[in-house]
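Working notes for the structure below.
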Number of protein chains: 2
Amino acid sequence: MNDDCQPFVTDCAVRLATDLLAHTWDPVVLMALRTGRRRRIDLLASLTGVSDKVLSETLRRLVSNGLVTRITTTTDRTVAYELSELGGSLANGPLAALGHWAVEHADQVLLAQQQDGASASAR
Amino acid sequence: MNDDCQPFVTDCAVRLATDLLAHTWDPVVLMALRTGRRRRIDLLASLTGVSDKVLSETLRRLVSNGLVTRITTTTDRTVAYELSELGGSLANGPLAALGHWAVEHADQVLLAQQQDGASASAR
DNA sequence: CAGTATCCTAATCGATACTG
DNA sequence: CAGTATCGATTAGGATACTG
């Protein structure tokens, strides 16, 4: 897939993971599903900013990648999504770590961006 | 920036981090810089698949976000890039964790993708 | 409700050529 | 060497309307 990446395994492997999270809403949906099974409409309501279409694409992609399981209840015909074991290991491990990092360092990132913007407009 | 995200802080905060890594080569360059200061042309050679232009954009963006520092040696006029403290905390922390996760779970992801592809083409 | 189909805009990425 | 400019192809994402 990205076999042409490079030298140390993890340098290249990280591409596999970041590709999994590359689409804007993939990581957000994974985070949202950490608390348990959710229905499509619940996700649509709780994730401000996702469009109907994009959420569909996101869910389909997450299912395709084996991170999320689509559950059809035969009794009342409802559909729900939940993290697979694989998805859970990603969401509760590295993804959560990324979230914590973001919380701790957000101010530094925003500061750097502002400074850059300021110096750029000063040119 | 993405203040309109949502309920639990980390659900939204993760967007800040994934946005930082959203562009294909951002995480790869960060990983490559973990081993120390590198010159632009070295990166271009060691990262198979990056185009000249995209590497430039990537480096500029990483510098803008405060993750990478651009170093100009006044003596011999060379230019090099290295991780900032902020970038190091990301690359050696959560990003490395993501790399390890990818190494351990790559086969599962690829398997899921293949199965999905197989069932999709069987329809 | 879940999910798909269309249309449209903006942004990425690659290739190539060019400047300091 | 570092870095920018331009063109073209591809794609992501939003809005909206429609089907099972």
Side-chain angles (χ1 to χ4, degrees), chain A residues 1-2 4-6 15 18-30 32-33 37-65 68-82 113 116 119-120 123, chain B residues 1-2 4-6 12 15 18-30 32-33 37-65 68-82 116 119-120 123:
Chain A
M1 188 141 281
N2 293 308
D4 58 340
C5 245
Q6 268 283 311
R15 274 292 309 268
T18 52
D19 283 354
L20 249 37
L21 306 173
H23 296 263
T24 312
W25 295 100
D26 291 26
V28 181
V29 170
L30 286 176
L33 288 179
R37 189 178 300 186
R38 300 286 288 280
R39 307 199 50 186
R40 179 195 151 88
I41 194 151
D42 295 329
L43 290 170
L44 205 52
S46 62
L47 306 177
T48 317
V50 225
S51 75
D52 190 9
K53 182 195 123 191
V54 172
L55 180 60
S56 287
E57 292 173 349
T58 301
L59 288 170
R60 224 184 314 126
R61 186 170 42 239
L62 291 173
V63 171
S64 292
N65 292 332
V68 165
T69 310
R70 196 187 111 119
I71 297 175
T72 315
T73 313
T74 47
T75 55
D76 58 352
R77 283 205 215 138
T78 59
V79 178
Y81 295 88
E82 69 179 11
Q113 290 174 344
D116 181 78
S119 61
R123 271 174 221 140
Chain B
M1 190 140 279
N2 293 308
D4 58 341
C5 246
Q6 267 286 308
C12 173
R15 275 289 312 267
T18 53
D19 283 354
L20 249 36
L21 306 173
H23 297 264
T24 312
W25 295 101
D26 291 24
V28 182
V29 170
L30 286 176
L33 289 179
R37 189 178 299 188
R38 301 285 289 282
R39 308 197 50 186
R40 180 196 150 87
I41 194 152
D42 296 330
L43 290 170
L44 205 52
S46 62
L47 305 178
T48 317
V50 225
S51 75
D52 190 9
K53 182 193 120 192
V54 172
L55 180 60
S56 286
E57 292 173 349
T58 301
L59 288 171
R60 222 182 318 124
R61 185 169 43 238
L62 291 173
V63 171
S64 291
N65 292 332
V68 166
T69 309
R70 197 187 112 118
I71 298 175
T72 315
T73 313
T74 47
T75 54
D76 57 355
R77 282 207 216 137
T78 59
V79 178
Y81 294 89
E82 70 178 9
D116 181 78
S119 60
R123 273 174 219 141

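Every chain is numbered from 1, with letters handed out A, B, ... down the list of sequences. Everything numeric here is computed off the predicted structure, so don't read it as measured data.
In this structure, the CG atom of A/Leu59 is 10 Å from the P atom of C/dT4, given to the nearest Å. Atom pair A/Leu44:CG and C/dT4:P shows a separation of 14 Å (rounding to whole Å applied). The interatomic distance linking B/Glu57 (CD) with C/dA11 (P) rounds to 13 Å, in whole Å. Atom CZ in B/Arg61 sits roughly 6 Å away from atom P in C/dC13 (whole-Å rounding). The CZ-P distance, from A/Arg40 to C/dC1, rounds to 11 Å in whole Å. Taking atom CG of A/Asp19 as the reference point, atom P of D/dT11 lies 14 Å away to the nearest angstrom. Computed from coordinates, the B/Leu55 CG to C/dT12 P distance equals 16 Å when rounded to whole Å.
The side chain of B/Ser56 has D/dT4 as its nearest neighbour among D/dA2, D/dA12, D/dT4.
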- Is there a side chain to side chain contact (heavy atoms under 4.5 Å, CB included) between B/Thr58 and B/His23 once you walk through the steps? CA-CA 8 Å; B/Thr58 301; B/His23 297 264; 5.8 Å; no
- Task: List the steps and the verdict of side chain to side chain contact (heavy atoms under 4.5 Å, CB included) for A/Leu21 and A/Leu30.
- Result: CA-CA 9 Å; A/Leu21 306 173; A/Leu30 286 176; 3.8 Å; yes
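Counting only distance, with no hydrogens or angles, the side chain of B/Ser51 and the backbone of B/Val54 share a donor-acceptor pair below 3.5 Å.
Closest of all the heavy-atom pairs between B/Leu20 and B/Asp26 is O-OD2, 3.4 Å. Nearest heavy-atom pair, B/Val79 versus B/Arg39, reported as atom, atom and distance to 0.1 Å: O-NE, 3.5 Å.
Taking only side-chain nitrogens and oxygens, A/Arg39 comes nearer than 4.0 Å to OP1 or OP2 of C/dA2. When the side-chain nitrogen and oxygen atoms of B/Thr24 are compared with OP1 and OP2 of C/dC13, one or more of them lie within a distance under 4.0 Å.
Between the side chains of B/Thr24 and A/Arg15, no donor N or O sits under 3.5 Å from an acceptor N or O.
Remark: B/Arg61 does not engage B/Glu57 in a salt bridge, criterion side-chain N to carboxylate O under 4.0 Å.
With a 3.5 Å ceiling on both atom-pair distances, the Watson-Crick or G-U wobble partner of D/dT11 is C/dA10. Of all nucleotides present, only C/dC1 satisfies the Watson-Crick or G-U wobble test against D/dG20, with each distance under 3.5 Å.
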Can you tabulate the close N/O pairs, meaning under 3.5 Å, that link protein atoms to atoms of nucleotides 14-18 of chain C?
residue : atom : partner : partner atom : Å
C/dG14  : N7   : B/Lys53 : NZ           : 3.3
C/dG14  : O6   : B/Lys53 : NZ           : 2.6

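Within 4.0 Å of B/Arg77, counting heavy atoms only, lies no atom of the nucleic acid at all. Residue contacts shown for A/Thr78 are absent, as no nucleic acid heavy atom lies under 4.0 Å away.
Mapping B/Tyr81 and A/Ala22 onto DNA chain D via the closest heavy atom, the residue that lands nearer the 5' end is B/Tyr81.
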